[in-house]
Protein chains: 2
Amino acid sequence: MSLTHALLGLLAVRPSSGYELTKSFEGDLGRYAWQAGHTSIYPELNRLAERGLVEVTHEGARGSRTYAVTPEGRAELREWLFAPPRAGRVRNEQVLRMFLISALDPKDALILLRGIAERTREGADELRRIRVENDDVPFTSPEGFGLLAAEFGVRQYDAVHSWAVWAIERLEKELARAQT
Amino acid sequence: MSLTHALLGLLAVRPSSGYELTKSFEGDLGRYAWQAGHTSIYPELNRLAERGLVEVTHEGARGSRTYAVTPEGRAELREWLFAPPRAGRVRNEQVLRMFLISALDPKDALILLRGIAERTREGADELRRIRVENDDVPFTSPEGFGLLAAEFGVRQYDAVHSWAVWAIERLEKELARAQT
DNA sequence: TGCTGACATGTCACCATTGACATGTCGCGG
DNA sequence: CCGCGACATGTCAATGGTGACATGTCAGCA
């Protein structure tokens, strides 16, 4: 299960409570890579603790428990990351929607593609603005994770934008040719 | 459920049997957007037929049934594609692995990043080769789907490659600074 | 003719995930 | 000091997907 390793990875960067981990999944992590709700995180943390891959290092207010990875957990994470990059199972509704646009008639397809092109341009611009503000964060710090995500996000938006623009041009050309 | 609309979309482009649909999910569709096995496809086709969104248009050898979308199915697909692009749930183990690299020590991280950079470069090159060979396929044909996927795939690979190269440079710079 | 591999569809038990529901704490502003 | 919103964790029924198992057909080849 990938959730196992997502949690190990987050805790390897910085010890956190289940609540904080839940917040992480609502940010860049959940947006680009893997999403999970608190209802799967808490039971998984208990399972990880039973297996000795994480441990409770601190109990705070309101019953909060701070977890940290054990050396065994770190080894497990490392092993997983170095394991042959098996064909990962992909589930991405956005990309599915993009592809299925070709099943519509060209007029509808153009409307949707133009919407995608605009939204991805805005998304990329917004991320670029955030990026310049956080340029001095070191890679290996807890905040380095957000840096990685932002850099990935910008390239992701640009890729989809470029794709949409290409598709629009191609469709328009074909429509023009069909009219003559 | 997204599988519903994935099937409607594929059948809207070209009537197919469950077996052929299964093959589609093993290609670009399953790689970039949404994956499904035959064990979920066949029951879903039956459900779609019951709801009148698809119908059997032909029965062939070995009990094969060819399905096609009905006007109702086409309307449902169109409605879904035009619906507000809700926050799609993302599940991508590859991207998760990329992000979790920052949880490793820099030496290990560099090894993995270099592997990613190399594999994505190869992937992009390979797709570019396929692309020039299929440049004359019309967008709206059944093969247009593959064209869309190839163009998306190239940009996707390039994005990840560029990200990996950026991460490598950044990490190397930080390591050099730490040594002095 | 018999074998093999691709074609073709199906069931079912198991597992992970989700959404609804539940419960209680703490800090802060009015 | 009261109430609200964020903090913090949890259960559980329903859902959706996976992998194992099952069955049979047809074409081509030896």
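Order of the sequence lines fixes the chain letters, A, B, ..., with proteins taken first and strands second; residue numbering starts at 1 for each chain.
Residues meeting the salt bridge (charged side-chain N to carboxylate O under 4.0 Å, His left out) test with E44(B), sequence neighbours left out: R47(B). For F99(B), the ring pair (Phe, Tyr, Trp, His ring centres under 6.0 Å) partners two or more places apart in sequence, or in a different chain, are F145(A), F152(A).
E26(A) has its CD atom 12 Å from the P atom of dT18(C), to the nearest Å. Distance, E93(B) CD to dT18(D) P: 13 Å, rounded to whole Å.
Between Q35(B) and the phosphate of dT18(D), there is a side-chain N or O to OP1/OP2 separation shorter than 4.0 Å.
Taking CD1 from I111(B) and CG from D105(B), the interatomic distance works out to 8.5 Å, rounded to the nearest 0.5 Å. For the atom pair L53(A) CG and L7(A) CG, the distance stands at 11.0 Å (nearest 0.5 Å).
Salt-bridge annotation for R31(B) and D28(B): present, with a side-chain N of the basic residue lying under 4.0 Å from a carboxylate O of the acidic one.
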Legend entry - Per-nucleotide protein contact string for nucleotides 3-16 of chain C, where B marks a base within reach and S marks sugar-phosphate only (heavy atoms under 4.0 Å, - for neither): ---BBBBBB----S
